[in-house]
Every structure is written in C-alpha cells, then in structure tokens.
Amino acid sequence: MWLYTVIGGMLLRAISGQGVQTAFVIVASIVLAVFLVGWRVVVALILRRRSPRS
C-alpha cells in the first residue's frame, strides 16, 4: 500500500504540473513510510514487551 501511495501521489503531482524532483520523492517516501508503517512497528514492539512470556 505504501508503494502505491507514493506512486499515486507522484503521478498526481506530475499531472497537475507541480513537478516531481528526486529529493521530493525521497522525502515523501520516507514520511509516508513513517506515517503508514512506522507507528505499527512501534506498537508491535511495545505489545511484544508487555506480553507475558510462556
């Protein structure tokens, strides 16, 4: 889903005439990864630490 979001966003920028610079694509990809995936990783790590070990 993350990759589709990056591609879709960059296509919309290109179609609207705003341009797609390499630096913008890199920054947008990192920010989207943190927002879409990063918080889930943090929650999973917290839950793993809290769960009782059997």
Side-chain angles (χ1 to χ4, degrees):
M1 189 49 86
W2 166 74
L3 183 59
Y4 293 129
T5 305
V6 172
I7 292 170
M10 295 308 120
L11 286 174
L12 287 174
R13 279 187 65 83
I15 290 170
S16 68
Q18 293 181 355
V20 182
Q21 300 297 320
T22 304
F24 181 82
V25 174
I26 292 169
V27 171
S29 299
I30 292 169
V31 169
L32 280 170
V34 169
F35 286 163
L36 293 175
V37 180
W39 71 271
R40 290 177 175 95
V41 172
V42 171
V43 169
L45 290 172
I46 291 171
L47 291 177
R48 184 179 296 174
R49 278 195 164 180
R50 286 186 176 179
S51 67
R53 300 180 194 256
S54 342

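Keep in mind the model is a prediction, meaning the values are calculated, not measured.
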Open item on the list: If hydrophobic clusters are built from ILVMFWY residues whose side chains come within less than 4.5 Å, do Phe24 and Val27 share one?
Closed with: no

Open item on the list: Please tell me whether Val41 and Trp2 are part of a single hydrophobic cluster in this structure, the criterion being side-chain heavy atoms less than 4.5 Å apart.
Closed with: yes

Task: Verify same cluster id: Val37, Leu45 (apolar side-chain graph, 4.5 Å) - done: yes

Open item on the list: Applying side-chain hydrogen bond (donor to acceptor under 3.5 Å, both in side chains), can you list everything that pairs with Gln21, at least two apart in sequence or on another chain?
Closed with: none

Open item on the list: Under 4.5 Å between side-chain heavy atoms, counting indirect links through other Ile/Leu/Val/Met/Phe/Trp/Tyr residues: same cluster for Leu32 and Leu3 or not?
Closed with: yes

Which atom pairs, one a donor and one an acceptor, fall under 3.5 Å between side chains of residues 5-12 and the rest of the protein, sequence neighbours left out?
{"residue": "Thr5", "atom": "OG1", "partner": "Met1", "partner atom": "O", "Å": "2.8"}

